[in-house]
Amino acid sequence: MRLGFSPFNAEMGYEEAFRLAAELGLDLEVPYDLHEVLPLPDAKTLRATGEALGVGFTLHLPFVEMNPASLIPSVRALAEERLKRALEFGEALGAKVGVLHTGQVPVRHPMVISLARETLEKTLSALLPLPFPVALENLALAEEDLLRGPEELKALLDRFPQYGFCLDVGHALVELGPLGPFLYWEALGDRLIHLHLHDNHARRDDHLPVGTGAVPWERLAPRLRSFPATAALEVGGNIQGVRQSLSRLQALLAS
């Protein structure tokens with residue numbers, strides 16, 4: 001498993017994040033949303049810095065005010081445009097994988113849900129062919145999140161074999177309790193190409209350091225040991241949160 005961390009969740013600027021990543025042998029998960037609103041380094045500059053320091057990248061595609069399943073055509077079109085720009089950014093960055101949220105519906109009415117699924121599929125089709133691997137992430141944290149449970153996400157991925165799966169263990173815990181991460185892994189393990197690792201108390205998406213909440217890390221450890229792809233710590237707590245999470249994971253993987 002090649003591990004990285006999100007400087008956005010850890011509340012770090014790039015200079016500090018690169019130093020920490022180089023010291024700890026980690027990659028960075030770049031938050032594309034911030035590049036839309038702040039004067040941050042461009043993809044080629046980040047890539048050059050990463051190559052000099054031995055730091056690689058994954059990319060979180062835009063999710064702020066983003067709805068690829070919107071029923072409003074102009075809103076969906078804007079989501080598609082932003083995602084295409086983000087994919088171009090990720091290609092220039094040399095991203096190993098990109099993570100994509102699957103959208104929201106205004107109400108959980110059967111007709112609305114059906115229409116939203118159609119528009120989401122239209123967006124996913126419009127992004128093909130993908131310039132690098134992209135993983136759909138499990139959400140189901142709020143009433144308006146479109147997809148619920150492993151089976152709905154699996155059905156979508158069955159129709160789109162070009163995409164992979166990102167298991168967010170914290171989201172799975174909030175949605176389905178302690179069995180949540182395992183239910184998603186069992187249903188979608190053959191499509192799993194990226195992990196989001198953080199903790200919470202099964203009530204809300206707190207993004208706590210690994211080992212400080214209710215995620216069953218000891219039971220997950222055997223799966224993590226054999227996972228061959230990329231993962232990102234999405235933890236708060238600044239430098240200490242990243243160090244604490246890495247130390248806890250290293251202890252789990254060594255046991």
Side-chain angles (χ1 to χ4, degrees), residues 1-10 12-15 17-18 20-22 26-69 76-103 120-139 153 156-157 160-168 171 191-198 227-234:
M1 179 172 67
R2 177 65 185 181
L3 187 63
F5 71 93
S6 165
F8 169 77
N9 289 104
M12 292 183 203
Y14 276 123
E15 184 177 351
F18 270 119
L20 184 64
L26 301 178
D27 289 343
L28 294 180
E29 181 146 304
V30 170
Y32 182 74
D33 292 283
L34 289 183
H35 285 263
E36 293 182 294
V37 300
L38 295 174
L40 295 173
D42 62 21
K44 290 183 179 179
T45 300
L46 290 177
R47 184 171 184 167
T49 303
E51 288 174 350
L53 296 173
V55 174
F57 303 96
T58 58
L59 177 68
H60 203 304
L61 296 164
F63 66 92
V64 176
E65 298 183 35
M66 160 68 68
N67 190 3
R76 194 207 67 80
L78 178 59
E80 179 185 322
E81 178 187 331
R82 291 177 65 197
L83 287 167
K84 286 180 176 178
R85 287 200 302 265
L87 289 173
E88 291 174 358
F89 179 97
E91 186 175 22
L93 182 68
K96 298 170 182 174
V97 67
V99 178
L100 176 60
H101 288 191
T102 49
L120 172 60
E121 293 192 11
K122 185 182 295 186
T123 303
L124 295 179
S125 295
L127 301 181
L128 300 175
L130 297 168
F132 54 90
V134 172
L136 306 185
E137 181 178 2
N138 59 297
L139 292 167
L153 189 51
L156 179 63
L157 285 168
F160 285 89
Q162 304 92 335
Y163 290 85
F165 170 50
C166 170
L167 171 59
D168 187 303
H171 293 175
R191 306 294 296 277
L192 183 59
I193 62 173
H194 191 56
L195 295 170
H196 278 170
L197 305 177
H198 54 97
F227 183 62
T230 55
L233 295 166
E234 284 196 322

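All figures in this text were calculated on a predicted structure; none of them were measured in a lab.
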>> Looking at E81, I'd like to know if its CD atom is crowded, meaning that more than 12 non-hydrogen atoms belonging to other residues, nucleotides or ligands lie closer than 6.0 Å.
In response: yes

> Which residues pass the side-chain hydrogen bond (donor to acceptor under 3.5 Å, both in side chains) test with E234, sequence neighbours left out?
Replying inline: H196

> What are the two closest non-hydrogen atoms of A231 and L197, and how far apart are they?
Replying inline: CB-CD1, 4.1 Å

> Could you state the interatomic distance from CG (L59) to CG (L46), rounded to the nearest 0.5 Å?
Replying inline: 10.5 Å

> Taking C-beta and beyond as the side chain, do V64 and V37 meet within less than 4.5 Å on heavy atoms?
Replying inline: no

> Could you give the distance from CG (L61) to CG (L87), rounded to the nearest 0.5 Å?
Replying inline: 5.5 Å

> When rounded to the nearest 0.5 angstrom, what is the spacing between CG in L156 and CZ in F165?
Replying inline: 12.0 Å

Identify each donor-acceptor pair in which a side-chain atom of residues 94-101 lies under 3.5 Å from a protein atom, sequence neighbours left out, and give them as a table.
unit_1: K96; atom_1: NZ; unit_2: D27; atom_2: OD2; d: 2.6
unit_1: H101; atom_1: NE2; unit_2: H60; atom_2: NE2; d: 3.3
unit_1: H101; atom_1: NE2; unit_2: E137; atom_2: OE1; d: 3.0

> Can you find a heavy atom in the side chain of P68 that is under 4.5 Å from one in the side chain of L83?
Replying inline: yes

> Going through the distances and angles, do V134 and L127 end up as a side-chain contact (heavy atoms from CB on, under 4.5 Å)?
Replying inline: CA-CA 10 Å; V134 172; L127 301 181; over 6 Å; no

> About how many Å separate CG of L93 and CD of E88, when rounded to the nearest 0.5 Å?
Replying inline: 13.5 Å

>> Please evaluate residues L20 and L26 with respect to the criterion side-chain contact (heavy atoms from CB on, under 4.5 Å), reporting the C-alpha separation (whole Å), side-chain torsions for both, the decisive distance (0.1 Å), and the verdict.
In response: CA-CA 8 Å; L20 184 64; L26 301 178; 5.8 Å; no

>> For A135 versus C166, what's the shortest heavy-atom pair and its separation?
In response: CB-N, 3.5 Å

> Do the side chain of T45 and the main chain of P41 share a donor and acceptor less than 3.5 angstrom apart?
Replying inline: no

> Looking at L3 and A232, what are the two nearest heavy atoms and their distance?
Replying inline: CD1-N, 4.4 Å

>> Using the salt bridge (charged side-chain N to carboxylate O under 4.0 Å, His left out) criterion, which residues pair with K84? Sequence neighbours excluded.
In response: E80

> Are F160 and L136 close enough that some pair of their side-chain heavy atoms sits under 4.5 Å apart?
Replying inline: no

> By side-chain hydrogen bond (donor to acceptor under 3.5 Å, both in side chains), which residues pair with E36, not counting sequence neighbours?
Replying inline: R82

>> My understanding is that only residues two or more places apart in sequence, or in another chain, count here; which of them pass side-chain hydrogen bond (donor to acceptor under 3.5 Å, both in side chains) with E51?
In response: R47

> How many angstroms lie between atom OG1 of T102 and atom CZ of F63, to the nearest 0.5 angstrom?
Replying inline: 13.0 Å

> Can you name the side-chain hydrogen bond (donor to acceptor under 3.5 Å, both in side chains) partners of R191, sequence neighbours left out?
Replying inline: none

>> When you compare the side chain of N67 with that of R76, does any pair of heavy atoms fall below 4.5 Å?
In response: no

> Run the ring pair (Phe, Tyr, Trp, His ring centres under 6.0 Å) check on F132 and H194 step by step: do they pass?
Replying inline: CA-CA 13 Å; F132 54 90; H194 191 56; over 10 Å; no

> Looking at P7 and L28, what are the two nearest heavy atoms and their distance?
Replying inline: CD-CD2, 4.4 Å

>> Please check this pair: side chain of N138 against backbone of D168, looking for a donor-acceptor N/O pair closer than 3.5 Å.
In response: yes

> Run the side-chain contact (heavy atoms from CB on, under 4.5 Å) check on T230 and M1 step by step: do they pass?
Replying inline: CA-CA 6 Å; T230 55; M1 179 172 67; over 6 Å; no

> Does L124 offer a backbone N or O that forms a donor-acceptor pair with the side chain of Y163 under 3.5 Å?
Replying inline: yes

>> Checking L233 against E29 for the side-chain contact (heavy atoms from CB on, under 4.5 Å) test, could you report, in this order, the C-alpha distance in whole Å, the side-chain angles of both residues, the deciding distance, and whether it holds?
In response: CA-CA 9 Å; L233 295 166; E29 181 146 304; over 6 Å; no

> If you measure from OH on Y32 to CZ on F8, what distance do you get to the nearest 0.5 Å?
Replying inline: 15.5 Å

